[in-house]
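The structure appears below as C-alpha coordinates.
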Amino acid sequence: MKTKACIFDLDGVVVDTAKYHYLAWKKLAKKLGFDFNESDNESLKGISRMQSLEILLEIGGISIVQAQKEEYAEEKNNWYKEFLAGITHEDMIAGAEEFLTEVKARKIPTALASASKNANMVLEKLNISKYFDAVVDVSKIKRIKPDPELFLTAANMVGVESQYCCVFEDAQAGIDGALAAGMKVIGIGDPSVLKGADIVIPDFTNFKFDLLP
(Lines give C-alpha, C1' and ligand atoms only; values in the text may rest on other atoms or scores of the structure.)
Protein backbone atom coordinates (compact mmCIF):
# COMPACT_ATOMS: atom_id res chain seq x y z
CA MET A 1 0.00 0.00 0.00
CA LYS A 2 1.22 3.49 -0.80
CA THR A 3 2.43 5.46 2.21
CA LYS A 4 0.24 8.52 2.76
CA ALA A 5 1.79 9.76 6.04
CA CYS A 6 5.15 9.48 7.80
CA ILE A 7 5.42 9.33 11.59
CA PHE A 8 8.81 9.90 13.19
CA ASP A 9 10.18 9.20 16.63
CA LEU A 10 12.60 11.94 17.71
CA ASP A 11 15.46 10.57 19.81
CA GLY A 12 17.71 8.37 17.68
CA VAL A 13 15.61 8.85 14.54
CA VAL A 14 15.66 12.56 13.69
CA VAL A 15 18.17 13.75 16.28
CA ASP A 16 20.87 11.92 18.20
CA THR A 17 19.82 13.06 21.66
CA ALA A 18 20.43 9.60 23.12
CA LYS A 19 23.93 10.60 24.20
CA TYR A 20 22.53 13.49 26.25
CA HIS A 21 19.99 11.21 27.94
CA TYR A 22 22.80 8.78 28.65
CA LEU A 23 25.02 11.44 30.19
CA ALA A 24 22.17 12.63 32.42
CA TRP A 25 21.25 9.10 33.59
CA LYS A 26 24.93 8.32 34.18
CA LYS A 27 25.27 11.46 36.29
CA LEU A 28 22.26 10.42 38.39
CA ALA A 29 23.63 6.90 38.83
CA LYS A 30 26.95 8.32 39.99
CA LYS A 31 25.13 10.50 42.51
CA LEU A 32 23.35 7.38 43.79
CA GLY A 33 26.64 5.51 44.10
CA PHE A 34 26.75 3.07 41.20
CA ASP A 35 27.96 2.89 37.61
CA PHE A 36 25.68 3.04 34.58
CA ASN A 37 27.13 2.07 31.20
CA GLU A 38 26.07 2.27 27.56
CA SER A 39 24.87 -1.32 27.58
CA ASP A 40 22.54 -0.49 30.49
CA ASN A 41 21.35 2.55 28.55
CA GLU A 42 20.04 0.39 25.69
CA SER A 43 17.19 -0.79 27.92
CA LEU A 44 15.95 2.80 28.34
CA LYS A 45 15.33 3.51 24.64
CA GLY A 46 11.80 4.42 23.65
CA ILE A 47 10.27 4.40 27.13
CA SER A 48 9.15 7.12 29.51
CA ARG A 49 11.30 8.98 32.01
CA MET A 50 9.70 7.29 35.03
CA GLN A 51 10.00 3.84 33.46
CA SER A 52 13.65 4.59 32.73
CA LEU A 53 14.20 5.66 36.32
CA GLU A 54 12.67 2.42 37.60
CA ILE A 55 15.12 0.41 35.46
CA LEU A 56 18.04 2.57 36.60
CA LEU A 57 17.13 2.05 40.27
CA GLU A 58 16.78 -1.68 39.68
CA ILE A 59 20.27 -1.77 38.16
CA GLY A 60 21.60 0.04 41.23
CA GLY A 61 19.62 -2.12 43.63
CA ILE A 62 17.98 0.97 45.12
CA SER A 63 14.50 1.17 46.63
CA ILE A 64 13.00 4.60 47.36
CA VAL A 65 9.57 6.17 47.88
CA GLN A 66 7.57 7.72 45.01
CA ALA A 67 8.23 11.32 46.07
CA GLN A 68 11.99 10.69 45.90
CA LYS A 69 11.60 9.05 42.48
CA GLU A 70 9.84 12.12 41.15
CA GLU A 71 12.57 14.35 42.55
CA TYR A 72 15.31 12.27 40.89
CA ALA A 73 13.41 12.16 37.58
CA GLU A 74 13.12 15.95 37.61
CA GLU A 75 16.81 16.31 38.47
CA LYS A 76 17.76 14.02 35.59
CA ASN A 77 15.57 16.02 33.20
CA ASN A 78 17.18 19.30 34.29
CA TRP A 79 20.64 17.86 33.60
CA TYR A 80 19.42 16.59 30.22
CA LYS A 81 18.17 20.06 29.28
CA GLU A 82 21.51 21.55 30.32
CA PHE A 83 23.31 19.10 28.02
CA LEU A 84 20.79 19.89 25.24
CA ALA A 85 21.74 23.56 25.36
CA GLY A 86 24.69 22.72 23.13
CA ILE A 87 22.71 20.79 20.51
CA THR A 88 23.31 21.73 16.86
CA HIS A 89 22.36 20.47 13.39
CA GLU A 90 25.43 18.27 13.62
CA ASP A 91 23.46 16.22 16.16
CA MET A 92 20.82 15.33 13.56
CA ILE A 93 20.82 11.76 12.27
CA ALA A 94 22.68 11.55 8.95
CA GLY A 95 20.37 12.30 6.03
CA ALA A 96 17.33 12.98 8.25
CA GLU A 97 16.82 16.60 7.22
CA GLU A 98 17.24 15.75 3.54
CA PHE A 99 14.62 12.99 3.83
CA LEU A 100 12.22 15.26 5.72
CA THR A 101 12.68 17.89 3.03
CA GLU A 102 11.79 15.35 0.32
CA VAL A 103 8.71 14.15 2.21
CA LYS A 104 7.45 17.71 2.69
CA ALA A 105 8.12 18.53 -0.98
CA ARG A 106 5.84 15.60 -1.90
CA LYS A 107 3.16 17.08 0.40
CA ILE A 108 3.06 13.90 2.50
CA PRO A 109 1.63 14.62 6.00
CA THR A 110 4.17 14.16 8.78
CA ALA A 111 3.95 13.75 12.53
CA LEU A 112 6.46 13.52 15.34
CA ALA A 113 5.54 10.85 17.91
CA SER A 114 7.94 10.86 20.84
CA ALA A 115 8.11 9.58 24.40
CA SER A 116 10.04 12.74 25.26
CA LYS A 117 8.36 15.68 26.99
CA ASN A 118 11.18 17.84 25.59
CA ALA A 119 10.33 17.18 21.93
CA ASN A 120 9.09 20.69 21.13
CA MET A 121 12.14 22.23 22.79
CA VAL A 122 14.46 20.17 20.56
CA LEU A 123 12.48 21.03 17.42
CA GLU A 124 12.62 24.73 18.23
CA LYS A 125 16.30 24.64 19.15
CA LEU A 126 17.15 23.13 15.75
CA ASN A 127 14.47 25.10 13.85
CA ILE A 128 12.97 21.93 12.38
CA SER A 129 9.36 22.28 13.57
CA LYS A 130 8.48 23.24 9.97
CA TYR A 131 8.87 19.63 8.88
CA PHE A 132 6.06 18.32 11.11
CA ASP A 133 2.33 18.85 10.72
CA ALA A 134 1.63 17.42 14.18
CA VAL A 135 3.60 16.69 17.36
CA VAL A 136 2.44 14.02 19.80
CA ASP A 137 4.31 13.50 23.07
CA VAL A 138 3.46 11.69 26.30
CA SER A 139 1.48 14.68 27.56
CA LYS A 140 -1.18 13.92 24.92
CA ILE A 141 -1.63 10.20 25.59
CA LYS A 142 -2.43 7.85 28.47
CA ARG A 143 -0.50 4.74 27.41
CA ILE A 144 3.11 4.65 26.27
CA LYS A 145 5.04 2.42 23.87
CA PRO A 146 4.70 -0.47 23.11
CA ASP A 147 1.02 0.48 23.31
CA PRO A 148 -0.06 1.82 19.87
CA GLU A 149 -1.87 4.89 21.27
CA LEU A 150 0.98 7.30 20.47
CA PHE A 151 1.01 6.32 16.79
CA LEU A 152 -2.77 6.09 16.44
CA THR A 153 -3.05 9.59 17.91
CA ALA A 154 -0.46 10.87 15.43
CA ALA A 155 -2.32 9.27 12.50
CA ASN A 156 -5.56 10.81 13.68
CA MET A 157 -3.95 14.26 13.99
CA VAL A 158 -2.78 14.19 10.35
CA GLY A 159 -6.02 12.58 9.14
CA VAL A 160 -4.59 9.40 7.64
CA GLU A 161 -5.74 5.83 8.33
CA SER A 162 -3.17 3.73 10.17
CA GLN A 163 -2.61 1.21 7.35
CA TYR A 164 -1.33 4.04 5.15
CA CYS A 165 1.16 5.32 7.74
CA CYS A 166 4.85 4.49 7.94
CA VAL A 167 6.64 4.86 11.28
CA PHE A 168 10.36 5.51 11.74
CA GLU A 169 11.66 4.09 15.03
CA ASP A 170 14.97 3.21 16.70
CA ALA A 171 13.58 1.29 19.70
CA GLN A 172 11.95 -2.13 19.87
CA ALA A 173 9.14 -0.75 22.05
CA GLY A 174 8.35 1.74 19.29
CA ILE A 175 8.48 -0.86 16.53
CA ASP A 176 6.13 -3.10 18.51
CA GLY A 177 3.76 -0.19 19.09
CA ALA A 178 3.71 0.76 15.41
CA LEU A 179 3.05 -2.83 14.35
CA ALA A 180 0.23 -3.04 16.90
CA ALA A 181 -1.23 0.08 15.25
CA GLY A 182 -1.23 -1.72 11.90
CA MET A 183 1.43 0.54 10.41
CA LYS A 184 4.50 -0.09 8.31
CA VAL A 185 7.79 0.40 10.16
CA ILE A 186 11.28 1.50 9.21
CA GLY A 187 13.83 0.67 11.89
CA ILE A 188 16.75 3.05 12.37
CA GLY A 189 19.75 1.22 13.79
CA ASP A 190 21.03 -2.34 13.99
CA PRO A 191 18.95 -5.08 12.27
CA SER A 192 20.23 -7.64 14.76
CA VAL A 193 18.62 -5.63 17.57
CA LEU A 194 15.46 -4.28 15.91
CA LYS A 195 12.96 -7.05 15.13
CA GLY A 196 9.78 -6.95 13.09
CA ALA A 197 10.42 -3.80 11.04
CA ASP A 198 9.73 -3.87 7.30
CA ILE A 199 13.18 -2.40 6.66
CA VAL A 200 16.08 -1.52 9.00
CA ILE A 201 18.54 1.17 7.91
CA PRO A 202 21.53 2.64 9.81
CA ASP A 203 20.42 6.23 9.04
CA PHE A 204 18.78 8.22 6.23
CA THR A 205 21.87 8.55 4.03
CA ASN A 206 20.71 8.06 0.42
CA PHE A 207 17.28 6.89 1.65
CA LYS A 208 14.41 8.09 -0.55
CA PHE A 209 10.63 8.14 -0.18
CA ASP A 210 10.25 5.74 -3.10
CA LEU A 211 12.10 3.07 -1.07
CA LEU A 212 9.25 2.90 1.48
CA PRO A 213 7.42 -0.45 1.55
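We're numbering straight along the sequence, starting at 1. These numbers come from a predicted model, not from an experiment.
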Apply side chain to side chain contact (heavy atoms under 4.5 Å, CB included) to the pair Lys30 and Asp35, showing each step before the final yes or no. CA-CA 6 Å; Lys30 185 176 180 181; Asp35 190 38; over 6 Å; no

Test side chain to side chain contact (heavy atoms under 4.5 Å, CB included) applied to Glu70 and Glu74, step by step: CA-CA 6 Å; Glu70 291 171 4; Glu74 184 64 24; over 6 Å; no

Candidate pair Lys81 and Asn77, rule side chain to side chain contact (heavy atoms under 4.5 Å, CB included), full reasoning: CA-CA 6 Å; Lys81 288 191 285 189; Asn77 191 49; 3.6 Å; yes

Just do the side chain to side chain contact (heavy atoms under 4.5 Å, CB included) check on Trp25 and Asp40 with the steps written out, would you? CA-CA 10 Å; Trp25 286 123; Asp40 296 326; over 6 Å; no

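Partner Phe132 forms a side-chain contact (heavy atoms from CB on, under 4.5 Å) with one of Leu10, Leu112, Ile7 and no other, that one being Leu112.
In this structure, the side-chain hydrogen bond (donor to acceptor under 3.5 Å, both in side chains) partners of Asp137, at least two apart in sequence or on a different chain, are Ser139. Not counting sequence neighbours, Tyr20 has no partner by the ring-ring contact (aromatic ring centres under 6.0 Å, His included) test. Every residue was checked against the side-chain hydrogen bond (donor to acceptor under 3.5 Å, both in side chains) condition with Asn206, not counting sequence neighbours, and none meets it. Ser52 pairs by the side-chain hydrogen bond (donor to acceptor under 3.5 Å, both in side chains) definition with nothing, not counting sequence neighbours.
Of the inter-residue distances, the one linking Asp133 atom CG with Met157 atom CE reads 10.0 Å to the nearest 0.5 angstrom. The NE2 atom of His21 sits 15.0 Å away from the CH2 atom of Trp79 when rounded to the nearest 0.5 Å. Atom NE2 in His89 sits 6.5 Å away from atom CD1 in Ile128 (nearest 0.5 Å). Of the inter-residue distances, the one linking Asp9 atom CG with Ile186 atom CD1 reads 14.0 Å to the nearest 0.5 angstrom.
The neighbour count for Glu75 CD, taken as heavy atoms of other residues, nucleotides or ligands under 6.0 Å away, is above 12.
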Which atom pairs, one a donor and one an acceptor, fall under 3.5 Å between side chains of residues 119-127 and the rest of the protein, sequence neighbours left out?
| unit_1 | atom_1 | unit_2 | atom_2 | d |
| --- | --- | --- | --- | --- |
| Lys125 | NZ | Ala85 | O | 3.0 |

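With contacts defined as side-chain heavy-atom distances shorter than 4.5 Å, the pair Glu102/Phe204 does not qualify.
Under 3.5 Å, the side chains of Asp176 and Gln172 contain a donor-acceptor pair of N or O atoms.
A donor-acceptor pair is defined here as one N or O able to donate and one able to accept, closer than 3.5 Å; no such pair exists between the side chain of Ser162 and the backbone of Gly182.
A cation-pi arrangement is found for Lys76 relative to Tyr80, the charged atom lying closer than 6.0 Å to the ring centre and inside a 45° cone about the ring normal.
Between Phe207 and Phe168, the ring planes lie perpendicular to each other; the angle is over 60°, past the 30° to 60° tilted range.
For residues 190-210, the pairs satisfying salt bridge (Lys or Arg N to Asp or Glu O under 4.0 Å) are Arg106-Asp210, with sequence neighbours left out.
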